[in-house]
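This report refers to the structure that appears directly beneath it.
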Amino acid sequence: MSVNTQVKIKLPDGSERTLDQGKTGADLAKEISEGLFRKAVGLSINGELSDLYTPLTDGMEVKILTADDPQSIELLRHSTAHVMAQAVQKLFPQAKIAIGPTIENGFYYDFEIKDHSLSTEDLANIEAEMKKIAEAKQRLVRYNIQDVDKQLNEFESQGEKFKAELLREHRDHNPTLYLMQDKDGNTIWNDLCRGPHLPSTGLIKAFKLLKVSGSYWRGDEHKEQLQRIYATAFWTKKDLEDYLHKLEEAEKRDHRKLAKQLDLFSTHEEVGPGLIFWHPNLATVRDCIENYWRSEHRRRGYQFVYTPHIASEHLYEISGHLENYKENMYSPMDIDGQAYRAKPMNCPGHIMIYKSKLRSYRDLPIRMAELGTVYRYERSGVLHGMLRVRGFTQDDSHIFCTPEQLEGEISGILDLIDALMTTFGYKYKAYLATKPAQAMGTDEEWEMATGALERAMQKRGMDYEVDEGGGAFYAPKIDVKLFDAIGREWQGPTVQVDLNLPERFDVNYVGEDGNKHHTVMVHRAVLGSMERFCGGLIEHYAGAFPLWLAPTQVAVIPISDRHQEHARKTAKALTDLDMRVHLDERSETINYRIREAQMQQTPYMVVIGDKEVEGDAVAVRHRRQGDLGSMKLVDFVEKMKAEVEKKEYV
RNA sequence: GCCCAUGUAGCACAGUGGUAGUGCACCCCCUUGGUAAGGGGGAGGUCACGAGUUCAAAUCUCGUCAUGGGCUCCA
């Protein structure tokens, strides 16, 4: 075997360097500059994250990564996960380690710890132990497992059954261990891991353990119950603090918290979990949204329908829900000896309306919309405020059309989605989910449906990603993710072309040729559920609804008793103009009443004193812009109306 | 459903074995105040529910329910 004694490396700036064979990324960094070497935390080799000490081979494109490269945070977090695992095993020698991947904004590690339940108190101790490991500047050394069976024996004798299981699976994939060594080169701890990692734990300076939770080995509830610690790490203390601060800010927006402060909704033990009571304030918001929703649909040719909340089981036998969706449906109730069910979905009902008469191709498309309330069983542990509930109202529509019309219909839906999401101030991103491995229908049908979805997006110039194989077994779909005011992701609109129900219900139309054809059916929800959407909106707006949605739009505040009469007249005038007004004539100071209106996020406050009585004016204060000075009542009304009309968020 | 934590007045919290406390909100009185808390007084809780231990339980134990953080799934 001929040995090249030199290797050629390409650097990001396009230049090349020649190194001796066997040199590592660290050597390269050193050669470029001592400063770079000191800052180096890892490599990107041909675009892939790698250890700093990876031996370089001929032709590699190598980038030396420092903490400034965004990808390198992954190295930090993954390495910190190992530090955490080491610390946990030090404190709880009986702990067995499972997996510890990085996740968005942090990492976790799963453990099985017999006869100890981790609690938040343990976290401080683990953190302290981690700090010691970081300060000890342990080296993380990659080690190729030569003798898999020997290593398996070792894991098994240590009782590390999870690691053994993983190694057995990866025995043919060049499995590696990472050895964590002290400064004398003694291995203190090791973990089966693909890496890559930081060269040393000394680079770990800012981390925080966040919470403990339960999990299952491989996410399977029939397998071992594990204990998981969630944590995060950043390069600097400041970044960590900023992140923790962001979490706090998010907590302040929590819709459950704001619900109490702003009197929005409640749930009741007497009623049952996951069932929402909409208080007048939030009911007002919802009403405004629904009116807007209706008008946007009406102008796009939708027709509104209402369907029953319970139906004979027979309906769900035909639809296949009893077969495929049973675990989410409530038990049957007996009505005159017949089994009935609470409806989990609106589609079968809409199909009933469609099928109530013979449809011609001339009737199509039919766009049927309903704010349809459905009931679904959700396991008790997943319920969450308004975001995950057991009874909710979907803004559900079904479009019945011919294959030729499909693309145009999809395009119309995308237009509607864009209009609504833009109004609420959400940025969004679309994903096209294609045929999964387990699917019904023919390739041609999938091609027809998926193609229509994709072409509609392309023609609109939409940015989208393809989620290969992510479709439902009966439908390709477009899923839209929303990004709220603080950049958090929410599940948004969804569009599905159903290849299943038209067949099951024999949904058809008479074509130009006089023959019956299966109708193409599209399911779509834009807001999703009113519960989830409004819950999300509360957080998006941090409780400060834009004027067009605000439960109270104006607080009218007379300065003293002698201004009451004029204040009442003003309040009535505004109410007559369909404004939502709160007249606050309590004998409290102006400051006090302003403060309260501010804290209730009331968009406008109008103060009425001598000057205003005299000039038939109002002194206007905006919740964000402060005192806007005195203006004629008619001018104020115009200002409000314009703002409502534009649905602005000021 | 599973793991962990929590449950005290409308809200936010203190109280760890000896018959329940603070702030805000609420009600009353004084104050009539020009843009984020004027002053005084009052009322309000079978300490989530049920059982047990104890002379004595908000406090310890067990069970139930609900809530929260996750696991899994989804609108």
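For A:R562, taking side-chain heavy atoms from C-beta onward, the closest of the listed nucleotides B:C3, B:C74, B:U32 is B:U32. Of the candidate nucleotides B:C30, B:C4, B:A37, B:A37 has the atom lying nearest to any side-chain atom of A:R595. Distance from the side chain of A:Y216 is smallest to B:C71 among B:G69, B:U67, B:C71. The side chain of A:M599 lies closest to B:A36, out of B:G1, B:G34, B:A36.
Phosphate contact (OP1/OP2 of B:A12, side-chain N/O of A:K260, threshold under 4.0 Å): present. At B:G38, one or more side-chain N or O atoms of A:T589 fall inside 4.0 Å of OP1 or OP2 (strictly under the cut-off). Taking side-chain N and O atoms only, A:Y325 has no distance below 4.0 Å to OP1 or OP2 of B:C74. One finds no side-chain N or O of A:N591 lying less than 4.0 angstrom from the OP1 or OP2 phosphate oxygen of B:U35. Distances shorter than 4.0 Å separate none of the side-chain N or O atoms of A:R218 from OP1 or OP2 on B:U72. OP1 or OP2 of B:G69 sits under 4.0 Å from a side-chain N or O of A:H384. Phosphate contact (OP1/OP2 of B:C71, side-chain N/O of A:S213, threshold under 4.0 Å): absent. A sub-4.0 Å separation between OP1 or OP2 of B:U31 and a side-chain N or O of A:S587 is absent. The phosphate of B:A25 (OP1 or OP2) has a side-chain N or O of A:Y592 nearer than 4.0 angstrom. Of the side-chain N and O atoms in A:R586, none sit less than 4.0 angstrom from OP1 or OP2 of B:C27.
To the nearest 0.5 angstrom, A:E224 atom CD is 11.5 Å from A:D110 atom CG. The OH atom of A:Y377 sits 9.5 Å away from the CG atom of A:N328 when rounded to the nearest 0.5 Å. Note that NE2 of A:H540 and CZ of A:F483 are 12.5 Å apart. Values are rounded to the nearest 0.5 Å.
Counting distance only, with no hydrogens placed and no angle test, the side-chain atoms of A:R532 and the base atoms of B:C74 include a donor-acceptor pair under 3.5 Å.
Shown here, B:C55 forms a base pair with B:G18; the pair counts as Watson-Crick or G-U wobble because both key distances fall under 3.5 Å. Across all strands shown, B:C71 is found opposite B:G1 as a Watson-Crick or G-U wobble partner, with both distances under 3.5 Å. For B:G10, the paired nucleotide is B:C24, the pair qualifying as Watson-Crick or G-U wobble because both relevant distances are below 3.5 Å. A 3.5 Å limit on both hydrogen-bonding distances identifies no Watson-Crick or G-U partner for B:G44. Base pairing analysis places B:G33 opposite nothing; no Watson-Crick or G-U wobble pair with both distances below 3.5 Å involves it. Nucleotide B:G50 forms a pair with B:C62, judged by Watson-Crick or G-U wobble geometry with both contacts under 3.5 Å.
Inspection of the A:H279 and A:S266 side chains reveals an N or O donor paired with an N or O acceptor under 3.5 Å.
Using atom C1' as the reference point in both B:A56 and B:G17, the two lie 8 Å apart (nearest Å). B:C13 and B:G45 have their C1' atoms separated by 15 Å, given to the nearest Å. Comparing the same atom, C1', in B:A14 and in B:C47 gives a spacing of 13 Å after rounding to whole Å. For the C1' atoms, the distance linking B:U61 with B:A37 amounts to 46 Å, nearest Å. When the P atom is compared between B:A58 and B:U46, the two are found 13 Å apart, to the nearest whole Å. Between B:C4 and B:A25, the distance separating the two C1' atoms is 34 Å to the nearest Å. For the P atom pair drawn from B:C49 and B:U32, the interatomic distance equals 46 Å after rounding to whole Å. Only the P atoms considered, B:A5 is 13 Å distant from B:G63, to the nearest whole Å.
A:I594 comes within 4.0 angstrom of a base, heavy atoms only. Nucleic acid contact class of A:E112 (heavy atoms, under 4.0 Å, all strands): none. Counting non-hydrogen atoms under 4.0 angstrom, A:Y377 reaches the backbone sugars and phosphates but no base. Among the heavy atoms of the strands, none lies under 4.0 Å from A:N328. As judged by a 4.0 angstrom heavy-atom cut-off over every strand, A:E531 is placed among residues making no nucleic acid contact. Counting non-hydrogen atoms under 4.0 angstrom, A:G385 reaches the backbone sugars and phosphates but no base. Heavy atoms of A:A597 sit nowhere under 4.0 angstrom from any nucleic acid atom. Residue contacts shown for A:R228 are limited to sugar-phosphate atoms, with no base heavy atom under 4.0 Å away. Within 4.0 Å (heavy atoms only), A:F533 reaches no atom of the nucleic acid at all. Across all strands shown, A:G219 has heavy atoms under 4.0 Å from sugar-phosphate atoms exclusively, and none from any base. Within the nucleic acid shown, A:E269 comes within 4.0 Å of at least one base atom, counting heavy atoms only. Note on A:V374: nothing from the nucleic acid sits closer than 4.0 angstrom, heavy atoms only.
A cation-pi contact, defined as under 6.0 Å to the ring centre and within 45° of the axis, is absent between A:R77 and A:F107. For the pair A:K96 and A:F111, the NZ or CZ position fails the cation-pi test of under 6.0 Å to the six-membered ring centre and within 45 degrees of the ring normal.
The CG atom of A:L262 sits 13 Å away from the P atom of B:A12 (whole-angstrom rounding). The distance between atom CD1 of A:I608 and atom P of B:U35, rounded to the nearest whole Å, is 16 Å. The nearest whole Å value for the distance from the CG atom in A:D467 to the P atom in B:C74 is 12 Å. In this structure, the CD1 atom of A:I113 is 12 Å from the P atom of B:C4, given to the nearest Å. One interatomic measurement links the two molecules: CD1 of A:I590 to C1' of B:A36, which rounds to 12 Å at whole-angstrom precision. We find that CZ of A:R388 is positioned 14 Å from P of B:U67, with the value rounded to whole Å. Rounded to an integer number of Å, the gap from NE2 of A:H116 to P of B:A5 is 10 Å. A:Q225 places its CD atom 16 Å from the P atom of B:G70, with the value rounded to the nearest Å.
Judged as a salt bridge (charged side-chain N to carboxylate O under 4.0 Å, His left out), the pairs with a partner in residues 420-437 of chain A (not counting sequence neighbours) are, in order, A:K429-A:E465, A:K435-A:D443.
Each of A:L383 and A:D561 lies near RNA chain B, and the nucleotide nearest A:D561 is the one positioned closer to the 5' end. Projected onto RNA chain B by closest heavy-atom contact, A:G528 and A:K211 fall at different nucleotides, the more 5' of which corresponds to A:K211.
Side-chain N or O atoms of A:R524 include none that pairs as donor or acceptor with a backbone N or O of A:H398 at under 3.5 Å.
Residue A:E539 forms a side chain to side chain donor-acceptor pair (under 3.5 Å) with just one option from A:R256, A:R488, A:R253, and that option is A:R488.
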I'd like to know whether A:Q600 forms a side chain to side chain contact (heavy atoms under 4.5 Å, CB included) with A:L262, so could you lay out the CA-CA distance, the side-chain angles of the two residues, the decisive distance to 0.1 Å, and finally the verdict.
CA-CA 6 Å; A:Q600 287 300 305; A:L262 304 175; 3.9 Å; yes

